[in-house]
Amino acid sequence: MAVAKALTAASNGARRGTGVREAAAQATRKAILKAATKVFAKYGYDGGSVEKISKAAKSYDRMIYYYFGSKEGLFIAVLEGIYREMDEAESAIQLDAERPVETLTAVIRFVHGYYRKNPEFVTLLNTENLHKGRHIAKSLRAGEYSSHAIAVIREVLASGIAKGIFREDVAAREVYLLIASTGYFYMSNRHTLTAFLGEPLETAEAVKRWEDFAVETVLRTVSATQATPAFNS
């Protein structure tokens with residue numbers, strides 16, 4: 001009996017020890033990812049060294065190689081992470097099949113708002129575009145997030161088509177690209193455009209004016225009547 005109890009206690013202790021180690025490993029990996037996101041956003045891929053990242057994460061260079069294999073592996077994980085976070089945030093949008101115009105409007109405003117609230121997302125995408133997307137192309141998960149984003153648009157469009165509100169000849173992919181481009185371009189080029197146009201583009205008034213225009217543009221594009229459907233400002 002005593003031996004059995006001792007063995008049970010040892011087994012429980014081993015499981016607890018394994019659980020603690022796993023939690024510590026996850027915490028280390030999370031800290032490295034968080035630090036890498038900030039370092040790559042600030043210095044770019046080339047300037048974001050392993051040394052800078054390990055220092056920011058209060059970890060060691062070898063831990064980056066242990067968890068991610070290489071600097072490139074870590075950068076791919078960062079890109080997957082920012083796409084996943086946007087996907088998760090977008091999943092919170094309530095899709096109302098009975099109100100396709102309002103739902104599509106909510107999707108547009110979400111995308112614009114997400115770019116504004118997450119400047120690191122835009123900066124990291126700019127960095128990856130400078131590298132012609134060669135890192136994210138190696139991701140096995142990026143396609144999952146884009147597929148979901150387009151599926152949301154497709155569902156909203158289908159609802160509007162069924163009600164005779166939206167055109168039948170507009171593809172979800174094109175609508176997604178239109179929404180993304182109006183939000184991404186404005187946010188990623190706001191500083192140079194402010195200087196070029198000679199007017200501030202980051203004021204609340206300027207941002208709202210552009211977002212309203214983007215909403216109107218998308219709704220005009222998908223409208224079955226080519227008129228401007230009503231939407232909430």
Side-chain angles (χ1 to χ4, degrees), residues 33-48 75-93 102-137 139 141-153 156 172-222 231-233:
L33 268 176
K34 183 178 180 180
T37 299
K38 293 185 178 300
V39 170
F40 283 134
K42 183 175 182 180
Y43 297 101
Y45 178 74
D46 294 326
F75 187 59
I76 291 172
V78 166
L79 294 174
E80 290 177 342
I82 62 173
Y83 275 120
R84 183 186 66 252
E85 289 172 359
M86 184 174 184
D87 183 67
E88 290 172 350
E90 190 172 34
S91 296
I93 298 176
E102 290 81 359
T103 301
L104 183 55
T105 298
V107 171
I108 300 166
R109 295 198 186 283
F110 162 79
V111 172
H112 278 242
Y114 193 88
Y115 288 151
R116 289 197 304 273
K117 295 172 185 175
N118 298 273
E120 288 181 346
F121 180 86
V122 174
T123 301
L124 287 165
L125 293 189
N126 285 343
T127 294
E128 179 59 356
N129 276 299
L130 288 173
H131 289 272
K132 302 185 184 301
R134 66 183 176 88
H135 303 106
I136 195 63
S139 169
R141 296 177 179 148
E144 299 174 13
Y145 307 133
S146 64
S147 296
H148 179 259
I150 294 175
V152 169
I153 301 295
V156 176
R173 174 181 172 277
E174 274 63 50
V175 175
Y176 169 78
L177 287 172
L178 177 58
I179 295 171
S181 62
T182 57
Y184 181 83
F185 177 82
Y186 189 94
M187 185 64 187
S188 64
N189 294 279
R190 65 195 184 282
H191 300 303
T192 51
L193 285 173
T194 290
F196 182 74
L197 298 174
E199 57 180 280
L201 296 183
E202 289 194 278
T203 65
E205 180 183 1
V207 168
K208 184 179 185 305
R209 185 168 62 247
W210 175 251
E211 186 176 294
D212 287 345
F213 180 76
V215 170
E216 181 180 341
T217 298
V218 175
L219 293 180
R220 280 183 180 275
T221 298
V222 303
F231 62 88
N232 297 321
S233 298

*Asks:* As a quick check of understanding, evaluate side chain to side chain contact (heavy atoms under 4.5 Å, CB included) for T37 and L124, giving each step before the final call.
*Replies:* CA-CA 8 Å; T37 299; L124 287 165; 3.8 Å; yes
*Asks:* Measure across N129 and Y184 and return the closest heavy-atom pair with its distance rounded to 0.1 Å.
*Replies:*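 For N129 and Y184, the tightest heavy-atom pair comes out as ND2-OH, 3.7 Å.
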*Asks:* What residues form a salt bridge (Lys or Arg N to Asp or Glu O under 4.0 Å) with E90, not counting sequence neighbours?
*Replies:*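 Salt bridge (Lys or Arg N to Asp or Glu O under 4.0 Å) check on E90 returns nothing, list empty.
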*Asks:* Could you tell me if the side chain of Y83 sits less than 4.5 Å from the side chain of L125, heavy atoms only?
*Replies:*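 Counting from C-beta outward, L125 and Y83 do come under 4.5 Å.
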*Asks:* In sequence, state the C-alpha distance, the side-chain angles, and the governing distance for E80 and R84, and then conclude on salt bridge (Lys or Arg N to Asp or Glu O under 4.0 Å).
*Replies:* CA-CA 6 Å; E80 290 177 342; R84 183 186 66 252; over 6 Å; no
*Asks:* Does the pair T221 and L178 meet the rule for a side chain to side chain contact (heavy atoms under 4.5 Å, CB included), with working shown?
*Replies:* CA-CA 10 Å; T221 298; L178 177 58; 3.8 Å; yes
*Asks:* Under the side chain to side chain donor-acceptor pair (under 3.5 Å) rule, what pairs show up with a residue in residues 185-195, not counting sequence neighbours?
*Replies:*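 Counting only pairs at least two positions apart or across chains, the side chain to side chain donor-acceptor pair (under 3.5 Å) contacts touching residues 185-195 are R190-E202.
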*Asks:* Does CD belonging to E199 count more than 12 external heavy atoms closer than 6.0 Å?
*Replies:*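 For E199, atom CD is crowded (more than 12 foreign heavy atoms under 6.0 Å).
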*Asks:* May I have all residue pairs that pass side chain to side chain donor-acceptor pair (under 3.5 Å) and include part of residues 115-124, sequence neighbours excluded?
*Replies:*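 The answer is R116-E211.
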*Asks:* Indicate yes or no: does R141 engage D87 in a salt bridge with an N to O separation below 4.0 Å.
*Replies:*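 D87 and R141: not salt-bridged.
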*Asks:* Verify side chain to side chain contact (heavy atoms under 4.5 Å, CB included) between R109 and D212, making sure each step is shown before the conclusion.
*Replies:* CA-CA 9 Å; R109 295 198 186 283; D212 287 345; 3.0 Å; yes
*Asks:* Identify the two heavy atoms, one from G48 and one from V39, that lie closest to each other, and give their separation to 0.1 Å.
*Replies:*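 Taking G48 first and V39 second, the nearest heavy atoms are CA-CG1, 3.7 Å.
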*Asks:* T127 and F40: side chain to side chain contact (heavy atoms under 4.5 Å, CB included), yes or no, with the steps?
*Replies:* CA-CA 8 Å; T127 294; F40 283 134; over 6 Å; no
*Asks:* Heavy-atom count around R173 CZ within 6.0 Å, excluding the residue itself: above 12?
*Replies:*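 Atom CZ in R173 is not packed in, count stays at 12 or less.
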*Asks:* How many angstroms lie between CZ in R134 and CD in E128, if you round to the nearest 0.5 Å?
*Replies:*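 One gets 7.5 Å once the value is rounded to the nearest 0.5 Å.
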*Asks:* Is the CZ atom of F121 crowded by more than 12 outside heavy atoms at less than 6.0 Å?
*Replies:*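 For F121, atom CZ is crowded (more than 12 foreign heavy atoms under 6.0 Å).
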*Asks:* Ignoring hydrogens and geometry, is there a side-chain-to-backbone donor-acceptor pair from Y114 to M86 under 3.5 Å?
*Replies:*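 It does hold such a pair.
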*Asks:* So which heavy atom on A172 is nearest to which on I153, and how close?
*Replies:*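 Reported closest heavy-atom pair: O-CG2, 3.8 Å.
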*Asks:* Do you know which two heavy atoms are closest between L201 and V207, and how far apart they sit?
*Replies:*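 Answer, listing the atom of L201 first, then V207: O-CG2, 3.6 Å.
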*Asks:* Backbone N or O of T182 within a donor-acceptor pair of the W210 side chain at under 3.5 Å?
*Replies:*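 Yes, the answer is positive, given that a donor and an acceptor are paired below the 3.5 Å cut-off.
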*Asks:* Below 30° counts as parallel, above 60° as perpendicular, anything between as tilted: where do the rings of Y45 and H135 land?
*Replies:*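 Y45 and H135: tilted rings.
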*Asks:* Can you tell me how far the CG atom of N126 sits from the NE2 atom of H131, to the nearest 0.5 Å?
*Replies:*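 The distance works out to 11.5 Å.
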*Asks:* Could you point out which residue of V156, V215, V152 forms a side-chain contact (heavy atoms from CB on, under 4.5 Å) with L104?
*Replies:*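 It is V156; the other options fail the test.
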*Asks:* Quick check: closest heavy atoms across P200 and A206, and the distance to 0.1 Å?
*Replies:*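 Residues P200 and A206, closest heavy atoms: O-CB, 3.6 Å.
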